[in-house]
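The structure that follows is given in the form of structure tokens.
Values in this document were obtained by computation on a predicted structure and should not be read as measured data. Values below: all heavy atoms of this structure, side chains included; hydrogens, waters and symmetry mates excluded. Each chain gets a letter, A, B and so on, in the order the sequences are listed, and its residues count up from 1.
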Protein chains: 2
Amino acid sequence: MDATPDPVAVRDTVQTGLDAGELVTVFGRCRVEYDGRASSTLGPGDRLLVLKPDGTALVHTDEGHQPVNWQPPGCEHEVRLSDGTLRIHSSRTTPEETLDVCFETVTAVNRYAVTDDSELSVSGTEADLRERVLESPSLVESGFEPRATERETAAGAIDIYGVDERGNAVVVELKRRRVGPDAVGQLDRYVTALRRESHDETTVRGLLVAPSVTDRASELLADRGLEFVALEPHS
Amino acid sequence: MDATPDPVAVRDTVQTGLDAGELVTVFGRCRVEYDGRASSTLGPGDRLLVLKPDGTALVHTDEGHQPVNWQPPGCEHEVRLSDGTLRIHSSRTTPEETLDVCFETVTAVNRYAVTDDSELSVSGTEADLRERVLESPSLVESGFEPRATERETAAGAIDIYGVDERGNAVVVELKRRRVGPDAVGQLDRYVTALRRESHDETTVRGLLVAPSVTDRASELLADRGLEFVALEPHS
DNA sequence: GCCTAGGTCCCGTAT
DNA sequence: ATACGGGGCCTAGGC
């Protein structure tokens, strides 16, 4: 279905594909309206609409990683033909959100029978960094002993909780990449919470473990008496 | 090109489309390898590969808003045929990253000539919330007077800086949606920085303006002597 | 180029 | 259902 297809055939192809649990794409000149957490309007242009069997809708232009408009998984797609123009209406609740794509012209419609049993395996994540530290705690500092991961505080969970060679409590916040001010704020919240929950005699140190740190984050660390340790997620 | 196409024709179609500045999609059974800021492997499965004229690559499965693998804009796409199988290699520098998609089978290849002159118009953003406050400062509190937006401090830019009816300095941090602990940390950084940069006599208040706030964030606000004002980005 | 913060962020996990 | 933090986040705007 590639050259100026008949509108009825287009609608039927999309509907049949969706009913069959296939992935359906529509390419053509369209307008897009979105309303929900925010709202948006997009004037006419050529775009690729991707409708997935899980209820995802993606509107892709010629540029950018991000779809210009979208609907997350779990939506219901409705296909209509009004005055000979194809309209796709995709909606969900909690939150209430609607996406409307109205095609002036349809250049192509395609149905794809998709099966995918493989799972993506990623390395270089924060989890890898955590394993590295747990297996070789001295990478953080000599004498460091991890005691818990995901230890809960009033401010949230500490990535790694442990003690240093002098017996001080240590809060470790891990980041897989260069850290900015936000990570310092996070570490500070955990350290402050743990100090409040500890006996007064206990010293609580805060360590930000990441490949590198920005200047401003470094200043913030110094201000709050926190420390930085350079460490990559991979060996 | 829809039914079990000839490998050479597939390669030529993809290459010709890319050369022509078109958007090209390839659907089929493939494996994907990524290496760069992290690295990943994905076993065989049916996916839709989208190659954009700006150098973006997207690998979409049957599920999810997010592509399972991708390459951001600015990459170079290379198309090869080795042992009769189609291989797409997409790479960039700074950071050095590569994406390899190897097709066992190709079900369909499509070329789309895309032009899109329209710009997306969005409302309900943080910018809208800012305009609302600047036009009606009393929505924040009676007597509030905005004096600057994006006022710089050592910790970063304050969304709205102003004074209250008593002449105290006021730091306003805006969020378009319900706020959590991270927003409190952000506001706290700005308030602390401004206090340091001000004369000691000056009182600096911190206001988090957002539709709502989580319990933990509310506690953090209280701890740090900061305040919350409920306000939606739209009227 | 890096830094900073916003986003209809999405997404998984825990509560 | 909400909350919280990670992400190869991406993207825009400054410097």
(message) For a quick check of understanding: with a heavy-atom distance under 4.0 Å over all strands, which category does B/Arg130 fall into, base, sugar-phosphate or nothing?
(response)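 Nothing, no heavy atom under 4.0 Å.
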(message) side-chain hydrogen bond (donor to acceptor under 3.5 Å, both in side chains), that's the test. Do B/Thr41 and B/Glu33 meet it? Break it down for me.
(response) CA-CA 5 Å; B/Thr41 302; B/Glu33 303 283 332; 3.1 Å; yes
(request) Please name the pair of heavy atoms, one in B/Arg92 and one in B/Pro72, separated by the smallest distance, quoted to 0.1 Å. (result)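 Of all heavy-atom pairs spanning B/Arg92 and B/Pro72, the closest is CZ-CG, 3.4 Å.
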(message) Could you check whether any side-chain heavy atom of A/Leu99 comes within less than 4.5 Å of a side-chain heavy atom of A/Trp70, counting everything from C-beta outward?
(response)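 A/Leu99 does not reach A/Trp70 side chain to side chain.
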(request) Describe the nucleic acid contact of B/Arg177 in one word from base, sugar-phosphate, nothing, applying a heavy-atom distance below 4.0 Å. (result)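 Contact class for B/Arg177: base.
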(message) If the cut-off is 4.0 Å, is B/Arg178 near the phosphate of D/dA3, judged by side-chain N/O to OP1 or OP2?
(response)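 Affirmative; the distance criterion is met.
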(message) Does any part of the side chain of A/Leu139, heavy atoms only, come nearer than 4.5 Å to the side chain of A/Arg132, both counted from C-beta?
(response)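 Yes - at least one pair of side-chain heavy atoms lies under 4.5 Å apart.
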(message) When you measure from the centre of the six-membered ring of B/Tyr161, is the NZ or CZ of B/Arg151 closer than 6.0 Å and no more than 45° off the axis?
(response)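 Flagged: B/Arg151 positioned over aromatic ring of B/Tyr161.
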(request) Quickly work out the B/Glu152 CD to D/dG13 P distance and round it to whole Å. (result)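 Nearest whole value for this atom pair: 16 Å.
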(message) Applying a 4.0 Å non-hydrogen cut-off, can you work out what A/Pro181 is touching in the nucleic acid: base, sugar-phosphate, or nothing?
(response)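 It contacts sugar-phosphate atoms only.
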(request) Could you check how far CG of B/Asp35 sits from P of D/dG8, rounded to whole Å? (result)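 Taking atom P of D/dG8 as the reference, CG of B/Asp35 is at 13 Å.
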(message) Please identify the 5'-most and 3'-most nucleotides of DNA chain C with any atom under 4.0 angstrom from a heavy atom of chain A.
(response)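 Boundary nucleotides touching chain A, in 5' to 3' order, are C/dC3 to C/dC11.
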(message) Between B/Ala127 and A/Gly180, which residue's closest nucleotide on DNA chain C lies nearer the 5′ terminus?
(response)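 Final value for this comparison: A/Gly180.
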(message) Under a 3.5 Å cutoff, is there a donor and acceptor pairing between the side chains of A/His60 and B/Lys52?
(response)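 Side chains of A/His60 and B/Lys52: pair found under 3.5 Å.
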(request) Flag the pair A/Ile88 / A/Asp100 as yes when at least one side-chain heavy-atom distance between them is below 4.5 Å, and no otherwise. (result)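 No, side chains not in contact.
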(message) Salt bridge or not between A/Glu145 and A/Arg147? Use side-chain N to carboxylate O under 4.0 Å.
(response)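 The answer is yes: the pair qualifies as a salt bridge.
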(message) Once salt bridge (charged side-chain N to carboxylate O under 4.0 Å, His left out) is applied, what residue pairs with a partner in residues 226-235 of chain A remain, sequence neighbours excluded?
(response)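 Qualifying pairs, neighbours excluded: A/Arg205-A/Glu227.
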(message) Regarding B/Ser40, tell me which of base, sugar-phosphate or nothing describes its non-hydrogen contacts under 4.0 Å with the strands shown.
(response)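 It contacts nothing in the nucleic acid.
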(message) Counting C-beta onward and ignoring hydrogens, is there a side-chain heavy-atom pair between B/Val204 and B/Asn168 closer than 4.5 Å?
(response)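 They are not in contact (no side-chain heavy atoms under 4.5 Å apart), so the answer is no.
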(message) Any salt bridge linking B/Asp116 with A/Arg47? Criterion: basic side-chain nitrogen under 4.0 Å from a carboxylate oxygen.
(response)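 Between A/Arg47 and B/Asp116 there is a salt bridge, with a charged N closer than 4.0 Å to a carboxylate O.
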(request) Round to the nearest Å and state the distance from A/Asp128 atom CG to D/dG7 atom P. (result)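 Going from A/Asp128 (CG) to D/dG7 (P), I get 9 Å.
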(message) For A/Asp223, give me all partners under salt bridge (charged side-chain N to carboxylate O under 4.0 Å, His left out), at least two apart in sequence or on another chain.
(response)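 So A/Asp223 forms a salt bridge (charged side-chain N to carboxylate O under 4.0 Å, His left out) with B/Arg196.
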(request) Using atom CD of A/Glu173 as one end and atom P of D/dG5 as the other, report the distance to the nearest whole Å. (result)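 Spelled out: CD on A/Glu173 to P on D/dG5 is 9 Å.
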(message) Any base atoms under 4.0 Å from A/Ala155, or only sugar-phosphate, or nothing? Heavy atoms, all strands.
(response)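 Answer is sugar-phosphate: A/Ala155 comes under 4.0 Å of backbone atoms only.
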(request) Mind checking which stems touch DNA chain D? I mean at least 3 consecutive Watson-Crick or G-U pairs, both distances under 3.5 Å. (result)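 Result, WC/G-U stems under 3.5 Å: C:1-7 with D:9-15, C:9-15 with D:1-7.
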(request) Would you please confirm or rule out a distance under 4.0 Å between OP1 or OP2 of D/dC9 and any side-chain N or O of B/Tyr34? (result)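 For B/Tyr34, the contact criterion (side-chain N or O under 4.0 Å from OP1 or OP2 of D/dC9) is not met.
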(request) Take the protein atom CD of A/Glu126 and the nucleotide atom P of D/dG5, then report the distance between them rounded to whole Å. (result)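 Atom-to-atom, A/Glu126 to D/dG5, this comes out as 11 Å.
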(message) I'd like to know if A/Glu22 pairs up with A/Arg111 as an ion pair, taking the criterion as any Lys NZ or Arg NE/NH1/NH2 lying under 4.0 Å from an Asp or Glu carboxylate oxygen.
(response)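 Yes.
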(request) Under 4.0 Å between any heavy atoms, over every strand shown, what does A/Ser39 touch: base, sugar-phosphate, or nothing? Just pick one. (result)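 Touches nothing.
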(request) Say whether B/Gln186 and B/Lys175, considering side chains only, have a donor N or O and an acceptor N or O under 3.5 Å apart. (result)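 Per modelled atom types, B/Gln186 and B/Lys175 side chains form a pair under 3.5 Å.
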(request) Report the distance from atom CD of A/Glu232 to atom P of D/dG8, rounded to the nearest whole Å. (result)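 Atom CD in A/Glu232 sits about 16 Å away from atom P in D/dG8.
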(message) Expected output is a numbered-order residue list: members of residues 210-225 of chain A with a heavy atom under 4.0 Å from any atom of DNA chain D. What is it?
(response)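 Hits under 4.0 Å, by residue number: none.
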(request) Would you mind reading off the distance between B/Glu96 atom CD and D/dG8 atom P, rounded to a whole angstrom? (result)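 The distance from CD of B/Glu96 to P of D/dG8 comes to 19 Å, rounded to the nearest Å.
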(request) Report which part of the nucleic acid A/Pro73 touches: base, sugar-phosphate, or nothing (heavy-atom distance under 4.0 Å, all strands). (result)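 Contact class for A/Pro73: sugar-phosphate only.
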(request) Please list residues of residues 62-72 of chain A whose heavy atoms come under 4.0 Å from any atom in DNA chain D, ordered by number; otherwise none. (result)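 When residues 62-72 of chain A is checked for heavy atoms under 4.0 Å from DNA chain D, the hits, listed by number, are A/Gly64, A/His65, A/Gln66.
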(request) For the pair B/Glu78 and B/Arg80, evaluate salt bridge (Lys or Arg N to Asp or Glu O under 4.0 Å) and give the outcome as yes or no after the intermediate values. (result) CA-CA 7 Å; B/Glu78 290 174 37; B/Arg80 271 181 249 168; 3.2 Å; yes
(message) Counting only side-chain nitrogens and oxygens, does A/Gln186 get under 4.0 Å of the OP1 or OP2 atom of D/dG6?
(response)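 Checking D/dG6 against A/Gln186, a side-chain N or O does come within under 4.0 Å of OP1 or OP2.
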(request) Report the residue (A/Gly124 or A/Gly156) whose heavy-atom-nearest nucleotide on DNA chain D is the more 5′ of the two. (result)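 Comparing both residues, the 5'-ward one is A/Gly156.
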